Amino acid sequence: MPVLNDVLAALDALWPPERAEQWDAVGTVCGDPDAQVTRVLFAVDPVQEVADEAVGLGADLLITHHPLYLRGTTTVAASTFKGRVVHTLIKNDIALHVAHTNADTADPGVSDALAGALDLRIVGPLVPDATDPEGRRGLGRVCELDHPETLREFAGRAAARLPATAQGIRAAGDPDRTVRRVAVSGGSGDSLFDAVRAAGVDAFLTADLRHHPSSEAREHSDLALVDAAHWATEWPWTEQAAAQLDEISDRHGWGLRTHVSRIVTDPWTAHAAAPAAPRSTP
């Protein structure tokens, strides 16, 4: 069986830490480099419920997309929720490794997994990585549908194919507008509107769309917006990442067992829909 250092070397080849944004906090949070690894759990969020799941599985390594400590800290006391996660993992000999923005822009990356979950054909990155001569890496993906759909149907596709959350799917634009070409970006995407407009797409699917950027984007053009829960747009990456590690394990004869957490760690837990009302002109 491999030791943690062996697995980390493979993970760093998939998602090189130097490709993370400068503000990001990726890499190994805790773990003994010489400890054997036999079972690995993938999840989006390093929260207590996921740490407890790793303990119950007998995992040796937990790999999450979101960092535990995005900013510096002066304590890992178990009286804090993040410190409690660290204590839980260390007490049970479980390492924690984070692949965040370095996984967003990878090939394949988070948005490839999102496009795959929606059964879209990828044309290329939305924001290409200038250091990639093949033009495959980058943030977000530009995609095409196999056949045109209305915005209503495309939003329904997202609702049916992404993991269910309390938020569900919101859409902005004419529900009967035809959608052929779309941009997708896992996680918060409303900083990408300039690139989305330049891509000439009919719709943009992402998460965490705020009022003012979305309103301004709709005033700029008739671009349709599809807003899903942050967790739901990034969860497909965990299955993709687990499959990548499975392939590496098979190639090296490691015999690792990988698992994907299906705990919904999206923070929103309930949704009350208001009655639909037609837009009125004052």
Side-chain angles (χ1 to χ4, degrees), residues 1-21 24-46 50-51 53-68 89-90 92-117 122 124-125 129 131-141 163 186-187 233-263 265:
M1 299 305 297
V3 297
L4 179 61
N5 252 354
D6 298 327
V7 181
L8 294 181
L11 299 181
D12 285 347
L14 290 175
W15 314 300
E18 63 271 17
R19 292 190 188 143
E21 296 289 340
D24 205 0
V26 302
T28 307
V29 178
C30 62
D32 179 352
D34 297 319
Q36 278 197 337
V37 176
T38 60
R39 195 178 297 254
V40 182
L41 176 64
F42 286 84
V44 175
D45 296 300
V50 169
E53 181 183 18
V55 173
L57 277 172
D60 309 294
L61 172 60
L62 170 62
I63 300 172
T64 65
H65 182 50
H66 289 153
L68 179 63
L89 296 175
I90 291 177
N92 291 277
D93 295 322
I94 302 171
L96 172 61
H97 186 81
V98 173
H100 192 211
T101 54
N102 50 330
D104 285 333
T105 58
D107 172 33
V110 170
S111 292
D112 292 287
L114 174 57
I122 296 172
D129 182 343
T131 68
D132 177 18
E134 296 183 2
R136 297 177 60 90
R137 294 197 308 267
L139 192 60
R141 295 293 183 266
T233 64
E234 294 180 330
W235 184 85
W237 171 81
T238 60
E239 290 195 316
Q240 175 181 278
Q244 288 177 279
L245 185 55
D246 282 338
E247 190 277 328
I248 292 169
S249 174
D250 290 345
R251 191 182 341 131
H252 290 288
W254 285 348
L256 289 181
R257 298 187 64 182
T258 61
H259 303 262
V260 173
S261 177
R262 282 169 170 76
I263 296 172
T265 54

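Computed from a predicted structure; not experimentally measured. All residue numbers refer to positions in the sequence shown, counting from 1.
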- Task: Please name all residues satisfying side-chain hydrogen bond (donor to acceptor under 3.5 Å, both in side chains) with Glu53, sequence neighbours left out, ordered by chain then number.
- Result: Ser261
- Sequence-distant partners of Asp112, side-chain hydrogen bond (donor to acceptor under 3.5 Å, both in side chains), two or more places apart: Arg141
Pairwise distance [atom1]([X]) to [atom2]([Y]) - rounded to 0.5 angstrom:
| X | Y | atom1 | atom2 | answer |
| --- | --- | --- | --- | --- |
| Glu21 | Asp104 | CD | CG | 8.5 Å |
| Ile63 | Thr28 | CD1 | OG1 | 9.0 Å |
| Leu11 | Ile248 | CG | CD1 | 7.0 Å |
| Asp6 | Ser249 | CG | OG | 11.5 Å |
| Trp15 | His97 | CH2 | NE2 | 7.0 Å |
| His65 | Asn102 | NE2 | CG | 9.0 Å |

- Without swapping roles, check the side chain of Asp12 against the backbone of Ala10 for a donor-acceptor pair under 3.5 Å. no
- Message: Between Thr233 (side chain only) and Gly187 (backbone N and O only), is there a donor and an acceptor less than 3.5 Å apart?
- Response: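 Side chain of Thr233 to backbone of Gly187: a pair is present.
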Compare every heavy atom of [Y] with every heavy atom of [X], then report the nearest pair and how far apart it is.
| X | Y | value |
| --- | --- | --- |
| Val110 | Gly186 | CG1-CA, 4.1 Å |
| Leu256 | Pro2 | CD2-CG, 3.8 Å |
| Leu14 | Ala106 | O-CB, 4.1 Å |
| Ala59 | Ile94 | O-CG1, 3.1 Å |
| Leu62 | Ala43 | CD1-CB, 4.4 Å |
| Ala241 | Phe42 | CB-CE2, 3.6 Å |

- Any pair counted as salt bridge (charged side-chain N to carboxylate O under 4.0 Å, His left out), so long as it reaches residues 235-254, sequence neighbours left out: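 Checked against salt bridge (charged side-chain N to carboxylate O under 4.0 Å, His left out) - neighbours excluded - the pairs reaching residues 235-254 are Glu239-Arg262, Glu247-Arg251.
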- Query: side-chain hydrogen bond (donor to acceptor under 3.5 Å, both in side chains) with Arg137: which of Thr131, Asp107, Thr105?
  - Reply: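 Answer to the side-chain hydrogen bond (donor to acceptor under 3.5 Å, both in side chains) test with Arg137 among Thr131, Asp107, Thr105: Thr131.
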- Query: Is the shortest heavy-atom distance from the side chain of Val260 to the side chain of Trp235 under 4.5 Å?
  - Reply: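 Yes - at least one pair of side-chain heavy atoms lies under 4.5 Å apart.
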- Task: Run through Asp24, Val29, Val26 and flag the one making a side chain to side chain contact (heavy atoms under 4.5 Å, CB included) with Pro67.
- Result: Asp24
- Using side-chain contact (heavy atoms from CB on, under 4.5 Å) as the criterion, list what pairs up with Asp45, not counting sequence neighbours. Val47, His66, Trp231, Thr265
- Message: Holding to side-chain contact (heavy atoms from CB on, under 4.5 Å), I want the full list of residues that pass it with Glu134, two or more places apart in sequence or in another chain.
- Response: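 Glu134 satisfies side-chain contact (heavy atoms from CB on, under 4.5 Å) with Asp132, Arg136 once adjacent residues are dropped.
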- Message: Show every side chain to side chain donor-acceptor pair (under 3.5 Å) that has at least one partner inside residues 29-43, sequence neighbours left out.
- Response: Thr38-Asp60, Arg39-His259
